[in-house]
4 protein chains.
Amino acid sequence: MAGSVNKAILIGHLGRDPESRNSQGGDLIVNLSLATSESWKDKATGERKERTEWHRVVIFNEALAKVARDYLRKGSKVYVEGALQTRKWTDQQGQERYTTEVVLQRFRGELTLLDGKTGDDTGRSAPRENSAPGAGPGGGASGRGYDLDDEIPF
Amino acid sequence: MAGSVNKAILIGHLGRDPESRNSQGGDLIVNLSLATSESWKDKATGERKERTEWHRVVIFNEALAKVARDYLRKGSKVYVEGALQTRKWTDQQGQERYTTEVVLQRFRGELTLLDGKTGDDTGRSAPRENSAPGAGPGGGASGRGYDLDDEIPF
Amino acid sequence: MAGSVNKAILIGHLGRDPESRNSQGGDLIVNLSLATSESWKDKATGERKERTEWHRVVIFNEALAKVARDYLRKGSKVYVEGALQTRKWTDQQGQERYTTEVVLQRFRGELTLLDGKTGDDTGRSAPRENSAPGAGPGGGASGRGYDLDDEIPF
Amino acid sequence: MAGSVNKAILIGHLGRDPESRNSQGGDLIVNLSLATSESWKDKATGERKERTEWHRVVIFNEALAKVARDYLRKGSKVYVEGALQTRKWTDQQGQERYTTEVVLQRFRGELTLLDGKTGDDTGRSAPRENSAPGAGPGGGASGRGYDLDDEIPF
DNA sequence: TTTT
DNA sequence: TTTT
C-alpha cells in the first residue's frame, strides 16, 4: 500500500530557454527554469511588494520533453504538473547538497502552453527548430522523427 | 500582474511528531516531516521497488498550525496543500545552502487529517495535549485559548 | 471528522461576459461560463477531433467576484479553483433538475487572469467599468468603493 | 492549441459498492458514488452544520477500473483525480437532461485507496473477489487474468 | 523519520 | 533568469 499523493501544480514563465540533454540510454531530458510570482501590499508600509519563486522542472516524459524542447522558449507561459523530488549531490568541496525539483516521469505529469510565445515565433530567442543536436540542413518537421499531430497536446 | 499558480498537493504520513515554535512576533509555527512513497515492479529484474520522498512542511496559517500541533503526531496520515518555497541559509562552513519547503501561509493552504490517528489517541507518541510550551497541570481544552468548534476543520 | 477534499481546477476561456447579480443580502455574486477543450487524433479515421466542455462557475468570494466583474470578459483566459456543488431546482414542468457548478465560496477558491484580455481593453465586449448596477456618471475607480491595490490579485 | 486544464480532485467515501459493467467493445467501466462533506458552525445560530456532496465517478482507465472493482467497496476512503464531463441524456418524458461526472479516461486520472477498507476485508459488503460477472469456482487471483503486482498501485 |  |  502506499496511499500517497505527490503533486506540484505550477503556472509561470520560463526564465530562459529549455535545456535539452540525453540520458545515457539516449532518452531526451529537458530542464526548465520556471518563475512564479505573487504580489501584495505591505500592511505596515503600504508598499507594493513582490516575491518571485524559481522552480527547477525536469521532464523525463518523452512526449512532453519533445514539446518543451520544440515549442517553449524564454518567456513562455506554461502550466506544469509533476511530482516533488529531492536529489542528493556532492559539491566541489565534497559536501552533500540537496536540490528539490518538479519531475515529470515517463507517462506522468502534464505540460500545457498558455500563450502563443513558442519557439516558432520570431523572437529574441533562437528558434527551437535547430536546437536538437545534429539537426542539419535536411532537418525540419520530418527530421524530428515524430508526427506533430500525435505529439503536441496544445 | 502575476498570473501565477504555485501549489503542492501531498498525501502522506508524518515521520515524526509535529515541531512547534513561535515566531519573534509570537505567532505559532509548526513544522511537519511528511513522507510520500510510490512503488513499482522493476521491468528488468521483476523486483518490487519503493521510493520514499520526504517533504518539509511549514505552517504559518494560524488555525491550521493549531490543528497540526494538537491533533497530528508521528504516523498520522494527512492531506496538505501549500506553496513551494526555496529558502536560502548559511551552513556552519559559511556556505550558502537552499532548502525547498511546502509552505502554508497566513489564510492560505489546507490541512486535512485522513485517519483517526491523532494526538488524543493513546499511542506510541506522547499526547499533544501538553506539548504547548508552558502548558501546566491546569491546561487542557480550555487552556488552549480557542474554541475547538471553530478551529478544527476535520 | 470529515477528511474530505472537493476541488476543481480549470483553465479555459470565458464563452461570454461575466454575469453579475446581488444576493438578497446584497452580496455580489458572479457567474462565469468557462470552456475547456481537448483535442486528439482519432486512431481509426486519422481525423483531428476536439471536444469542448462547458463549466458553470459561481463566485461568492467577495474579492474574487469583484475581480471577475471588473476585469474579465468574453474570451478572457482564466485559472479557476473551486468546489463541485450540485444544485437541485424545479423546471417549468415541475420536474426536479440538477445542475453541477464549480463554486468559489466566501474566503475560498482562486481566480487568476492568464492573459491581458480584460474589461479595460478596447475590445468587442463592453468595458466592465460601468457594469455595476447603478454606476452613474460619477462612477469610475473611486466609485467602486474599494482600493484596487488591495483587491486585484493579478 | 488548447491551453486548457480540466481537473477534479476528490477525497471522500464510497456511498455504495462500485458498479461494474462492460462497454460494447468489452472494456470494463466502473462507476463510483463518492461523498465529500464539509462542516462548519453557523455564525447566527451557533449550530454545527454539515453538507454532504455526492459525486458520480466514471472509470474508463483500464488498470484503475480493475482496482476499483476488486479493492473498493461501500465505505472505502479514496483519492480520485479525473476530468469534469457533462453528459446529455433523455429522460422517460423525452426531456433533455444533463449529468456532470468526474471521468477517468484511458491512461488518464488517478485513484488511490486511503484506508484499509477493501473488498478483501471481511466487512458488511460482499467481497469483491467474485463480483465479476461469470466468475465461477475456478476464479480467484489467477482467474483475474492479470498480475496483481502489476496492477495495484496502492 | 512514515506507511503497507 | 521570467512576467506585469
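A note on names: the letters A, B, ... follow the listed sequences, proteins ahead of strands, and every chain is numbered from 1. Values below: all heavy atoms of this structure, side chains included; hydrogens, waters and symmetry mates excluded. All of these numbers come straight from a predicted model, not from anything done at the bench.
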| request: To the nearest Å, give me how far apart CD (Glu19(B)) and P (dT2(E)) are. | output: 14 Å
| Just how far, in rounded Å, is P of dT3(E) from CZ of Arg16(B)? | 14 Å
| said: Rounding to an integer number of Å, can you tell me how far Arg73(A) CZ sits from dT3(F) P? | reply: 9 Å
| Under 3.5 Å side-chain donor-acceptor pair for Ser39(B) and Arg48(B) | yes
| message | Between C1' on dT3(F) and CG on Asp115(C), what's the gap in Å once rounded to a whole number? | response | 14 Å
| Can you check salt bridge (Lys or Arg N to Asp or Glu O under 4.0 Å) on Arg108(B) and Glu81(B), steps first, answer last? | CA-CA 9 Å; Arg108(B) 309 227 60 200; Glu81(B) 188 178 322; over 6 Å; no
| Over how many whole Å does the gap from Glu38(A) atom CD to dT4(F) atom C1' extend? | 15 Å
| task | Would you state whether a donor and an acceptor, one from the side chain of Thr52(B) and one from the base of dT1(E), lie under 3.5 Å apart? | result | no
| request: Can you tell me the distance, in whole Å, between the CZ atom of Arg48(B) and the C1' atom of dT3(E)? | output: 15 Å
| message | For Gln95(B) and Arg97(A), which I'm curious about, is there any donor-acceptor pair between the side chains at under 3.5 Å? | response | yes
| said: Between P on dT2(E) and NZ on Lys77(B), what's the gap in Å once rounded to a whole number? | reply: 15 Å
| Do we see a donor-acceptor contact under 3.5 Å between the side chains of His13(D) and Ser76(D)? | no
| remark: Out of dT2(E), dT1(F), dT3(F), minimum distance to the side chain of Trp54(B) belongs to dT2(E)
| When you measure from the side chain of Ser33(A), which nucleotide among dT3(E), dT3(F), dT1(F) comes out closest? | dT1(F)
| task | Measure from CG on Leu34(B) to P on dT3(E) and round the result to the nearest Å. | result | 12 Å
